[in-house]
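In each ligand, atom 1 is the first atom listed, and ligand 1 is the first ligand listed. Computation of the quantities below employed the complete heavy-atom set of this structure, encompassing side-chain atoms and omitting hydrogens, waters and symmetry-equivalent molecules.
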Amino acid sequence: MSYPRFTTDGHGCSTPRAIITDAITMHPPVDADASLVAELMGVPAEAERPAQIVAVWQEHWDEHGYGTWIIRESGGDAVGFVGLRAHAEFIRLTLRTAERAANEALEVRALRLASAHAIEWLPDLPIRMRVAPEDAATRSTLESAGMAHVADLDHTTDEGDWQVLELPYVRVAERIPSRAGEAMLAMWVEVNDAGGAVGFLPGASAEEVAPVLDGYASRMQAGGTACVSLNSPVGDLLGFGFLVGSTGPLTRHGATLERIMTDPATRGTNHGALLMAGLHRAARERGVELVTLDYRGGTGLGEFYTRYGYTEVGRVPGALRVAAGDDRDGVIMARSL
Ligand SMILES: CC(C)(COP(=O)(O)OP(=O)(O)OC[C@H]1O[C@@H](n2cnc3c(N)ncnc32)[C@H](O)[C@@H]1OP(=O)(O)O)[C@@H](O)C(=O)NCCC(=O)NCCS
């Protein structure tokens with residue numbers, strides 16, 4: 001993913017308006033996008049309503065600095081839209097593409113990007129989308145972008161019954177409450193057991209992991225380190241990582257990300273992307289301009305972090321001995337925020 005570059009100069013920064021990846025681009029609407037809206041509505045291109053809808057979308061962008069994006073396959077025509085619309089107490093996601101079945105993968109991609117963007121940049125409000133109970137296809141798209149059904153929010157309007165799905169939320173903590181600590185320890189052990197590169201040899205016990213978690217708790221108490229967790233709408237832990245600030249007088253604008261992990265049971269549902277978005281938001285809010293992290297070579301993680309703007313800046317061959325005869329490179333990556 002590449003966001004338009006901007007500089008952070010200590011006086012705040014602006015929210016990116018476009019999202020550009022190799023496969024897909026998402027831009028705020030221009031007047032000519034009324035023809036796409038007309039196609040989606042099944043009305044003539046010169047009809048009044050599509051132009052009105054585009055005008056409303058543009059006003060929303062002007063007022064809120066976010067809104068509806070037009071989705072294009074790289075270099076291709078507009079195929080649909082994904083939107084974030086302000087409500088008083090939440091932000092509503094909307095999604096529509098032409099020839100739905102053919103664009104299913106694109107819809108998922110666009111929704112995943114919009115969700116991570118919302119976590120990283122938008123006001124800290126619940127992000128929701130509603131679907132008709134019989135619309136299993138949309139519900140599955142939303143679930144693959146990390147959303148979960150919150151039955152308490154289901155409701156009925158003149159248009160019928162609605163199920164409401166909500167994105168996980170990010171919590172930035174300066175200390176670890178004991179119940180959260182238990183969930184983090186359990187997840188850390190489970191992630192390690194599942195082969196995750198989170199600092200331990202395979203099969204490490206809770207007794208081995210606990211002192212390292214306690215070490216983070218102490219560093220948090222001392223200041224400069226924060227725990228960023230991703231939680232389901234009902235508060236279950238879905239993933240976490242630590243943001244460790246730099247204290248040196250020359251490096252205060254830098255921080256490292258450590259122990260990034262998501263629940264193995266829900267992998268592949270965008271939670272890693274949402275967690276990275278939350279970590280970047282937390283870092284930016286603390287005035288961080290430069291982020292570094294390291295990972296274990298041979299895990300594919302370089303590809304994962306490259307998606308979120310990181311570049312390899314260093315590699316120590318064979319630095320990590322995972323098992324006798326299995327030495328891995330220690331790889332360092334960095335990005336500016
Ligand atoms: C790395 C990790 C946090 C990613 O979380 P996740 O919940 O699987 O992430 P997402 O579902 O958001 O995946 C985002 C994208 O990255 C890709 N991806 C995920 N893990 C990857 C990996 N190890 N290597 C390459 N790509 C990866 C996914 O395929 C997905 O791509 P897609 O959008 O094209 O489908 C998770 O796999 C994890 O906890 N791993 C074990 C712990 C670990 O090794 N942490 C790294 C410490 S440096």
Checklist entry - Side-chain donor-acceptor pair under 3.5 Å between H87 and R128, yes or no? => result no
Checklist entry - Under 3.5 Å between some N or O of ligand 1 and some N or O of G196? => result no
Next on the checklist: Can you report which non-hydrogen protein atom sits closest to atom 15 (C) of ligand 1, along with the distance?
Outcome noted: R307 NH1, 3.7 Å
Item to check | Option with minimal heavy-atom separation from atom 40 (N) of ligand 1, where the choices are E303, R267, M261 | outcome: R267
Checklist entry - Would a search of protein heavy atoms around atom 29 (O) of ligand 1 find one under 4.0 Å away? => result no
Next on the checklist: List ligand 1 atoms under 4.0 Å from T269, heavy atoms only on the residue side.
Outcome noted: 11 (O)
Checklist entry - At a non-hydrogen distance cut-off of under 4.0 Å, which region of Y305 contacts ligand 1 (side chain, backbone, both, or neither)? => result side chain
Checklist outcome for this item: Value for CZ (R296) from CG (L301), rounded to nearest 0.5 Å, stands at 9.0 Å
Next on the checklist: So for L275, does at least one of its heavy atoms come nearer than 4.0 angstrom to any atom of ligand 1?
Outcome noted: no
Next on the checklist: Could you tell me if S205 and E208 have a donor-acceptor pair between their side chains, going purely by distance under 3.5 Å?
Outcome noted: yes
Checklist entry - Looking at atom 16 (O) of ligand 1, what's its closest protein heavy atom, distance included? => result F304 CD1, 3.2 Å
Next on the checklist: So if I count the atoms of ligand 1 from 1 in the order they appear, which ones are less than 4.0 Å from some heavy atom of A273?
Outcome noted: 12 (O)
